[in-house]
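So the structure is just underneath, and the comments pick up after that.
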Amino acid sequence: MNKLTELLGITYPVIQGGMGNVSNATLAAAVSNAGALGMIGAGTMTPDQVEDIILETKRKTKKPFGVNIALSVSEHAEELLRLVIKHQIKNVSLSAGNPAPYISNLREHHCIVMTVAGTVAQAVKAEKAGAHIVIGEGYEAAGINSLAETTTMAFIPQLKTAIKLPIIAAGGIGDGKGLAAAFALGACGVQMGTRFIATKESGMHANYLSAILASKDDSTLIAGKTVNKRRRVLPTPYIENVLKAEEKGMTVSEYLAATSEAHHVKGAVDGQLEEGFINGGQIAGLIKDIPLVEDLILTMMTEAEVSLRAALSYLNINR
């Protein structure tokens, strides 16, 4: 048991990303039942919708799970925080905004607070504000990206020297080799999003899964560069039209409307790739199967051990 698994009450140091519209009760429960930490992604859902998912998740697992609240994305952030406290959700992750005003209250209600950081400065502020864990997310990750564009391999060692909190590495991780690498860089565990979408329990449309399986190393696209609202996605007819419109000139409000959660639902959940988009991280090019969540996690643990033992042999040090 490492510091991360002890804090979160889990067996394996793997966190499912809190992906809005994707991190549903079935997926979150499957991840938690497999010994990792399932997360509900509140996204832009109403408090009533999130509460229904919390209750469904509780029916499907007795293991710890968590809720992600994207602070600047949701219109209901404070209500969602009250909801987390009401239902005694132990693990909470805060992203896409300043977590400092909310950490103290969550701690008073015995919540373990994870904050997503894209820069060292953000992580240092989160530590000073009282966060328990920092999720260091590199530019490889799916969905909304940091403008810093720092990659995971460069970012995690810098976090390790800057803060004392346990670090979760996120972005570009999808197997046991990635977990082993995260350990070597100084993280206590990993967060995965795209890899968990490509599982039997995710509930995402077959068109989404097919797009992931067809991905190569250079398949992902970055939308929103011209308006400083970056999002990593997989190519679809809809997003390609958005990119063409962006090249001609879009305002921030036009871009946000084009990449709203309604269009995400059309792509990810409904499979309407002419009318919606699908998030995808660079790790998509590595994914070639759709396993059960439990099989994925157990395979990762075995592969991480094999990878770490093999890495030691490469040192060729006489002892």
Mind checking who shares a hydrophobic cluster with L147, ILVMFWY linked at side-chain heavy-atom distances under 4.5 Å?
-> none
Candidate list L243, L273, L221, test side chain to side chain contact (heavy atoms under 4.5 Å, CB included), partner P235, passing option | L221
E201: what forms a side chain to side chain donor-acceptor pair (under 3.5 Å) with it, not counting sequence neighbours?
-> none
Hey, does the side chain of N207 reach the backbone of G271 with a donor-acceptor pair shorter than 3.5 angstrom?
-> yes
Can you list every side chain to side chain donor-acceptor pair (under 3.5 Å) pair that touches residues 172-193, not counting sequence neighbours?
-> D175-K177, K177-E303
Applying ring-ring contact (aromatic ring centres under 6.0 Å, His included) to F277 and not counting sequence neighbours gives H264
Hey, are the side chains of N279 and I197 touching, using non-hydrogen atoms and a 4.5 Å cut-off?
-> no
Check G280 against A142 and note the closest heavy-atom contact, atom names and distance.
-> C-CB, 3.3 Å
Donor-acceptor under 3.5 Å (E294 side chain, A34 main chain) | no
How about E108: does its CD atom have over 12 heavy atoms from other parts shown lying under 6.0 Å from it?
-> yes
Are any of the side-chain heavy atoms of T251 and V227 separated by less than 4.5 Å?
-> no
Nearest-0.5 Å distance, OH of residue Y238 to NZ of residue K266 = 7.5 Å
M204 and M19: same hydrophobic cluster, using ILVMFWY side-chain contacts below 4.5 Å?
-> yes
Does I53 offer a backbone N or O that forms a donor-acceptor pair with the side chain of T57 under 3.5 Å?
-> yes
If we only count heavy atoms from C-beta on, is the H205 to I278 side-chain gap below 4.5 Å?
-> no
Verify, without hydrogens or angle tests, whether E140 (side chain) and T152 (backbone) share a donor-acceptor contact under 3.5 angstrom.
-> yes
Flag yes if L179 and F196 sit in one hydrophobic cluster, no otherwise; membership is Ile, Leu, Val, Met, Phe, Trp, Tyr, and two members link when side-chain heavy atoms are under 4.5 Å apart.
-> yes
Evaluate the side-chain proximity of T299 to P291: yes if any heavy-atom separation is below 4.5 Å, no if none is.
-> no
Polar side-chain atom of Y255 near backbone of K229 as donor-acceptor pair, under 3.5 Å = yes
Common cluster, Y102/V67, ILVMFWY with side-chain heavy-atom separation under 4.5 Å | yes
F155 and its side chain to side chain contact (heavy atoms under 4.5 Å, CB included) partner, picked from T150, L185, I167 | T150
Can any side-chain N or O of N2 pair as donor or acceptor with the backbone N or O of G189 at less than 3.5 Å?
-> no
Is the side chain of E246 donor-acceptor paired with the backbone N or O of G224 at a distance under 3.5 Å, no angle test?
-> yes
S215 and K288: which non-hydrogen atoms are nearest, and at how many Å?
-> O-NZ, 3.1 Å
hydrophobic_cluster_shared for M114 and I89, side chain cutoff 4.5 Å | no
Gap separating the OG1 atom of T115 from the CG atom of L165, nearest 0.5 angstrom | 7.5 Å
Would you say M153 has more than 12 foreign heavy atoms packed within less than 6.0 Å of its CE?
-> no
Is there a side-chain contact between E56 and N24 (heavy atoms, below 4.5 Å)?
-> no
Does K58 use its side chain to pair, donor to acceptor, with the backbone of H87 at less than 3.5 Å?
-> yes
Ignoring hydrogens and angles, tell me if any N or O in the side chain of S32 forms a donor-acceptor pair with the backbone of G38 under 3.5 Å.
-> yes
Check the surroundings of atom NZ in K60: do more than 12 heavy atoms from other residues, nucleotides or ligands lie under 6.0 Å from it?
-> yes
Value for OG1 (T220) from CZ (R231), rounded to nearest 0.5 Å, stands at 13.5 Å
Decide side-chain contact (heavy atoms from CB on, under 4.5 Å) for L296 and T199; before the verdict, give the C-alpha distance in whole Å, the side-chain angles of both, and the deciding distance to 0.1 Å.
-> CA-CA 8 Å; L296 169 63; T199 58; 3.9 Å; yes
Out of curiosity, T194 OG1 to I173 CD1, how far, rounded to the nearest 0.5 Å?
-> 11.5 Å
Is there a side-chain contact between L80 and V50, using heavy atoms and a 4.5 Å cut-off?
-> yes
Pairwise distance CD1(I85) to NE2(H110) - rounded to 0.5 angstrom | 10.5 Å
Taking H109 for the side chain and Q88 for the main chain, is one N or O donor matched with an acceptor at less than 3.5 Å?
-> no
Return the minimal non-hydrogen interatomic distance between S93 and N68, and the atom names on each side.
-> OG-ND2, 2.8 Å
L209 vs S202, side-chain contact (heavy atoms from CB on, under 4.5 Å): CA-CA, chis, key distance, verdict = CA-CA 10 Å; L209 303 183; S202 77; 4.2 Å; yes
Do you know which two heavy atoms are closest between A36 and I297, and how far apart they sit?
-> CB-CD1, 3.7 Å
Are I163 and V124 close enough that some pair of their side-chain heavy atoms sits under 4.5 Å apart?
-> yes
Joint cluster assignment, V14 & V31, ILVMFWY side-chain distance < 4.5 Å | yes
Scanning both residues in full, the closest heavy-atom pair of K164 with E127 reads N-OE2, 2.8 Å
Just list the side-chain donor-acceptor pairs under 3.5 Å for residues 130-139, sequence neighbours left out, or say none.
unit_1: H132; atom_1: ND1; unit_2: V113; atom_2: N; d: 3.0
unit_1: H132; atom_1: NE2; unit_2: R107; atom_2: NH1; d: 3.3

Taking the side chain as every heavy atom from C-beta outward, state whether R82 and E79 have any atom pair closer than 4.5 Å.
-> yes
Below 4.0 angstrom, N of the basic side chain to O of the carboxylate: do E240 and K244 qualify?
-> no
Between atom NZ of K248 and atom OG1 of T226, what is the distance when rounded to the nearest 0.5 Å?
-> 13.5 Å
With sequence neighbours left out, what residues match A198 under side-chain contact (heavy atoms from CB on, under 4.5 Å)?
-> R195, I212, I287, I290
